[in-house]
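One structure is given below, encoded as structure tokens.
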Amino acid sequence: MSEYFKDAGKITVPVTGEPVSIWSGELKNIVYAIDDKIVRALRTALENRTGFEVNAKITFAPTQHNGQTLFAVTYKTNHKFDPIQVEDKAALNDFLPVAIDEYGQLVIPDDAEYQTMLDD
């Protein structure tokens, strides 16, 4: 159940949504960024016959909105051929809402529920 505050009262609603996963919603953009780094690095490695390293750092910064915890998600990917390193930084376009459903599972709340929360 999620609790929202409206007109000095508390509203409790069941939470439904997609289970949290790296493949959920906008989070999959992070996977695509890492995939892009690996493909570009493999091309360079093949041409130069050298090894490389690929790294990704994902940061989740919590914030509160109407009693709901949202996360600002930023990520950094890089590939490195000593001594050259190519790095990209980005952020998801929206905050990531995360809630616990009635079964105790982490979910990204359905859009309608999330939109209701933001409209209040």
Side-chain angles (χ1 to χ4, degrees):
M1 297 290 190
S2 284
E3 296 177 341
Y4 303 104
F5 298 93
K6 183 176 181 180
D7 301 328
K10 189 175 3 175
I11 301 169
T12 303
V13 295
V15 174
T16 60
E18 177 184 0
V20 174
S21 163
I22 192 67
W23 294 106
S24 301
E26 273 199 76
L27 285 176
K28 65 184 164 225
N29 291 333
I30 298 168
V31 174
Y32 297 145
I34 295 167
D35 181 67
D36 180 62
K37 277 289 182 285
I38 291 170
V39 170
R40 287 196 280 161
L42 278 170
R43 178 177 300 281
T44 302
L46 185 61
E47 292 169 355
N48 297 323
R49 298 179 186 243
T50 185
F52 64 93
E53 183 178 304
V54 172
N55 295 295
K57 178 182 178 182
I58 306 167
T59 303
F60 294 81
T63 186
Q64 294 291 316
H65 179 77
N66 289 342
Q68 172 91 15
T69 300
L70 305 174
F71 292 90
V73 182
T74 58
Y75 58 94
K76 177 172 51 171
T77 59
N78 68 52
H79 64 268
K80 181 167 109 176
F81 296 87
D82 283 329
I84 299 167
Q85 180 170 320
V86 178
E87 181 175 280
D88 293 318
K89 296 179 183 179
L92 298 185
N93 293 328
D94 293 317
F95 286 102
L96 177 69
V98 177
I100 299 175
D101 70 9
E102 62 185 312
Y103 306 105
Q105 301 296 312
L106 286 174
V107 296
I108 297 174
D110 290 330
D111 288 341
E113 180 178 336
Y114 181 52
Q115 188 61 47
T116 299
M117 177 191 70
L118 290 178
D119 288 345
D120 289 347

Given side chains that start at C-beta, do those of Val86 and Phe81 come closer than 4.5 Å, heavy atoms only?
no

Geometric class of the Tyr32/Trp23 ring pair [parallel <30°, tilted 30-60°, perpendicular >60°]:
perpendicular

Interatomic spacing from CG in Asp35 to CG in Asn29 - rounded to 0.5 Å:
12.0 Å

Any donor-acceptor pair under 3.5 Å linking the side chain of Glu26 with the backbone of Asn93?
yes

So, does Ser24 use its side chain to make a donor-acceptor pair with the main chain of Pro19 at under 3.5 Å?
yes

Determine whether Thr77 and Asp36 satisfy the following criterion, side chain to side chain contact (heavy atoms under 4.5 Å, CB included), listing intermediate values before the conclusion.
CA-CA 9 Å; Thr77 59; Asp36 180 62; over 6 Å; no

Indicate whether any N or O donor in one side chain lies under 3.5 Å from an N or O acceptor in the other, for Gln64 and Thr69.
yes

Do Phe95 and Thr63 have side chains that approach each other closer than 4.5 Å (heavy atoms only, starting at C-beta)?
yes

From the list Lys37, Glu87, Glu53, side chain to side chain contact (heavy atoms under 4.5 Å, CB included) with His79 holds only for Lys37

First locate atom CD1 of Ile58, then atom CD1 of Ile34, and finally report the distance between them rounded to the nearest 0.5 Å.
5.5 Å

So do the side chains of Ile100 and Leu106 get within less than 4.5 Å of each other, counting heavy atoms only?
yes

Would you mind reporting whether Thr16 and Val107 have side-chain heavy atoms less than 4.5 Å apart?
no

Do you know the tightest heavy-atom contact between Val54 and Ala41?
CG2-CB, 4.3 Å

Distance in Å, Phe60 CZ paired with Leu27 CG, rounded so as to fall on 0.5 Å steps
5.5 Å

To the nearest 0.5 Å, how far apart are CD in Gln85 and CG in Asn55?
7.5 Å

Could you grab the distance from atom OG1 of Thr74 to atom CD1 of Ile30, nearest 0.5 Å is fine?
8.5 Å

